[in-house]
Amino acid sequence: MPELPEVETVVRGLRETLPGRRILAVRLGKTDFIDDPAALEQHVPGKRIEAVRRMGKFLVFDLHSAAGSSSEQHHLIVHLGMTGQLITMPREAPAAAHTHVYFELDDGRDLRYIDPRRFGRMALVSPEGHREMLGHLGVEPLEISEDEFRAKLAGRRSRIKALLLDQSVLRGMGNIYSDECLWWARIHPSRLAANLDRDAVRRLHKAVRKVLNEAIAKRGSSISNYRDSNGDMGEFQARHRVYQRQDKKCFRCATLIRHSIVAGRSTHFCPQCQPAPRSRRPTRKSGTTRKNKSARHRRT
DNA sequence: CTTACGGCCTGGGTGC
DNA sequence: TGCACCCAGGCCGTAA
């Protein structure tokens, strides 16, 4: 699933060839994931791509009127959801299944949006719309200092895993990297953020930097159908320590990795390296009969 | 206000 | 071989 490292990889790839290109035409397939398809069709053709940026898991294309007529500025905002892909290819390349948007470029290529489940999102917005849509986002995980990070966690009574996933706190972390970071920091995902001591916060801050930087260097994790802007897979999935490794040995202590639901999300951790917090006030016995299903074997 | 939780989107993998 | 259904992740609305 595209999280920060995957989106960063896509952005870096697009940045190599898109800035300066003009979009000649837009062709749409299914549009239920686009905020205002008509606006996209009306205003994007003729625009020049000024810059390609990332904010958390969002891609932002800064578009300028080629004619330089009005000073109006537009931003094309794209969220890849779970299965979205943005790939450049020759105009004559056959259409992959689930291709929903074609941006025809002035260099003979297409930038295509492919998304089987259409959990992604796309919108053409003004600077005000940009603020509206992305203004709530928290800070970039790779830009936050340890002190700022500590301040973010202070007093928060939610589980640390939930906080890492909260885009208004840190922007860009998803389920894979939350689990990986907590393993490196040796912190149980159910710990309350407010209860983490100084050293735990330091370890977590360090783990976030380490994991995200290494994942970017490996061009992301190709779980599910993630591909970069050239259609190539990432390699970080081979480096996962806990994600989807339930019932396999912990790389540190050989204890079997466990899988459970934390903060409503599928969660993977080492019960030895990441000791559980003092049993919190007995969570409402809502279905104590946790189905401990047989081991599920999963392909990458 | 903060946190918790259920539901929704869709289709591929899994189990029967 | 076929088919029903569970579940993925992010987000939002609502409840506590």
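Nothing here was measured: the structure is a model prediction, and the numbers come from that model. Order of the sequence lines sets the chain letters (A, B, ...), proteins ahead of strands, with each chain counted from 1.
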Legend entry - Contact under 4.0 Å: A/Arg157 side-chain N or O vs B/dA4 OP1/OP2: no
Inset, instruction - Name the nucleic acid region contacted by A/Gly174, choosing base, sugar-phosphate or nothing; use a 4.0 angstrom heavy-atom cut-off, strictly under. - result: sugar-phosphate
Legend entry - Pair A/Arg48-A/Ser65, side-chain donor/acceptor within less than 3.5 Å: no
Legend entry - Between A/Ser190 and A/Lys161: side-chain donor-acceptor atoms closer than 3.5 Å: no
Inset, instruction - To the nearest 10°, let me know how far the axis at one end of the helix from B/dT2-C/dA16 to B/dC16-C/dG2 is tilted from the axis at the other, five pairs an end. - result: 50°
Inset, instruction - Classify the side-chain pair A/Thr83/A/Asp115 by whether it contains a donor and acceptor separated by less than 3.5 Å. - result: yes
Legend entry - A/Asn175 side chain, from C-beta outward: closest of B/dT10, C/dG10, B/dT3: C/dG10
Inset, instruction - Answer with yes or no whether the side chains of A/Thr9 and A/Glu6 bring together a donor and an acceptor at under 3.5 Å. - result: no
Inset, instruction - Answer with yes or no whether the side chains of A/Tyr177 and A/Ser221 bring together a donor and an acceptor at under 3.5 Å. - result: yes
Legend entry - Minimum-distance nucleotide (side-chain atoms of A/His98 versus C/dG10, B/dG12, C/dC11): B/dG12
Inset, instruction - Pick base, sugar-phosphate or nothing for A/Arg265, based on heavy-atom distances below 4.0 Å to the nucleic acid. - result: base
Legend entry - Check: A/Tyr113 ring centre within less than 6.0 Å of A/Phe103 ring centre: no
Legend entry - Test side chain to side chain contact (heavy atoms under 4.5 Å, CB included) applied to A/Arg150 - qualifying residues, sequence neighbours left out: A/Glu146, A/Asp147, A/Arg198, A/Val201
Inset, instruction - Kindly state whether the ring of A/Phe33 and the ring of A/His100 have centres lying under 6.0 angstrom apart. - result: yes
Legend entry - Residue A/Gln167, side-chain atoms from C-beta onward, closest of C/dC11, B/dT2, C/dG10: C/dC11
Legend entry - Phosphate contact (C/dG9 OP1 or OP2) by A/Tyr243 side-chain N/O below 4.0 Å: yes
Inset, instruction - Using a cut-off of strictly less than 4.0 Å between a heavy atom of the residue and any atom of DNA chain B, enumerate the qualifying residues of residues 117-125 of chain A by number. - result: A/Arg117, A/Arg118, A/Phe119
Inset, instruction - May I ask you to decide if the ring planes of A/His79 and A/Phe58 are parallel, tilted or perpendicular, using 30° and 60° as cut-offs? - result: perpendicular
Legend entry - Short side-chain N/O contact from A/His79 to OP1 or OP2 of C/dC11, under 4.0 Å: yes
